[in-house]
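None of these values were measured; they are calculated from a predicted model. For ligands, and for the atoms within them, numbers begin at 1 and follow the listed sequence.
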Amino acid sequence: MAGKGSRKPVIGSAPEGEREKERPSSGLIVSHFGVAVEVLFRDGGRRMVRVKRNSGHVVGDEVLVSGELLERLPRKSELRRRDARGGIHLVAANLDVLGIAVAPGSPPGFLDRAIVAARAAGLLPFVVFNKIDLPEARAQGLSLAAIYGGMLQFFPLSAVSGEGLDPLRAFLREGHRGAFVGTTGVGKSSLLNALCPDIDLKVGELSDNDWHGKHTTTVSSLHALPEGGELVDTPGFRDFGLVDISSSEVAAHFPGFESLQVNGCRFHNCRHRQEPGCAVVELVRKGEIAPERLETYRELLGEAEAAEEAAQRRQWKK
Ligand code: GDP
Ligand code: ZN
């Protein structure tokens, strides 16, 4: 950028006001209120800064603030979601982990979908299996642990009783910044309330349709945990459509299938469909991989391919 070089501090001569303008303070957006953001500065101070409604700034953005001017620094990661109408929204920036919350009765396939989406966005996924205080949680918790426990961090817990929260706290304390995704009712609000004492989220009240700005003005906010780590509360982020994931990413990131593509299948670019010598199909046949997971995988692959073909067609029309 042309102006960058001239931003050297001027010694002695500049009037006080000028010098203020020359030296922006760096900070982090911790809350977003639609027309303003709250910035947490390195020295611990906080201030509201006005932004345009469609500024594109989100919680987690690192910014330079001078007066009312806000400059966004490059992002390390972006978490986006797709709404029911197909619109894409940026949810938060610079997260490094994504907690995928499930509970007894969660829709099958959600976990695999969310893991693929997290990995494709460059975030490390971890699994929270909530409501282990319920008797029906036991069998499902064991079977999920058997599938996912070896692949990623798996936290069986109860947001209500507090059982199992400490290992999750210890994990987040390692300097992670994350958010939870999960379908309505799995207990994300309860979990955030249990982990962040400064939040007071209503439990079991916000439905997907409620989230249109009327009831709450905060779009999302970032909370520092007492023992370390940070969590972003993302009220609009109930469900989780795949955003911009290529078919090759689906194959590369689908949990448990990624290594088979490299080591097991006859073809290194096997899509686990009709290819001869497919290790995934073989493990499903032997009962070592649940057929539903192969189905989820093929659904995801189909969606990604359909999106790619649609993009191709748009390209040709131009
Ligand atoms: P969200 O929609 O994912 O934010 O879920 P909520 O936190 O609003 O919780 C939905 C319902 O599940 C509420 O009735 C909670 O009281 C209940 N709930 C949340 N966590 C637990 C838990 O660990 N055990 C039990 N038994 N119920 C829970
Ligand atoms: Zn294969």
Exercise for the section: Check whether more than 12 heavy atoms from other residues, nucleotides or ligands sit under 6.0 Å from atom CD of Glu275, and answer yes or no. Expected result: yes

Practice task
Looking only at distances, please establish whether an N/O atom of ligand 1 is found under 3.5 Å from an N/O atom of Lys188.
Solution key: yes

Exercise for the section: Determine, using heavy atoms of Gly185 and all atoms of ligand 1, whether some pair is separated by less than 4.0 Å. Expected result: yes

Problem - Under 3.5 Å: N/O of Ala159 near N/O of ligand 1 - result: yes

Handout entry: Single-linkage hydrophobic cluster Val232~Leu90, side-chain heavy atoms < 4.5 angstrom
Key = no

Exercise for the section: Answer yes or no: does atom CZ of Arg138 have more than 12 heavy-atom neighbours from other residues, nucleotides or ligands under 6.0 Å? Expected result: no

Handout entry: Test applied, side chain to side chain donor-acceptor pair (under 3.5 Å); reference residue, Arg119; option that passes from His253, Glu249, Glu258
Key = Glu258

Exercise for the section: Report, in ascending order of atom number, the atoms of ligand 1 lying under 4.0 Å from any heavy atom of Ser190. Expected result: 6 (P), 7 (O), 9 (O), 15 (C), 19 (C), 20 (N)

Handout entry: Any donor-acceptor N or O pair under 3.5 Å, side chains Arg113, Thr296
Key = no

Practice task
Show which atoms of ligand 1 fall inside a sub-4.0 Å distance from at least one heavy-atom site of Thr184.
Solution key: 2 (O)

Handout entry: Region of Asp133 engaging ligand 1 - heavy atom pairs below 4.0 Å
Key = side chain

Exercise for the section: Of the side chain and backbone of Leu157, name the one, both, or neither that has a heavy atom under 4.0 Å from an atom of ligand 1. Expected result: neither

Exercise for the section: Just to the nearest 10 degrees, tell me the angle at the Zn ion (ligand 2) spanned by Cys278 SG and His272 ND1. Expected result: 100°

Exercise for the section: Please step through side chain to side chain contact (heavy atoms under 4.5 Å, CB included) for the pair Phe180 and Leu195, ending with a clear verdict. Expected result: CA-CA 12 Å; Phe180 292 113; Leu195 294 170; 3.9 Å; yes

Problem - Glu68 with Arg47: basic N within carboxylate O range, under 4.0 Å - result: yes

Handout entry: Contacting atoms of ligand 1, where contact means under 4.0 angstrom from a heavy atom of Leu134
Key = 26 (N)

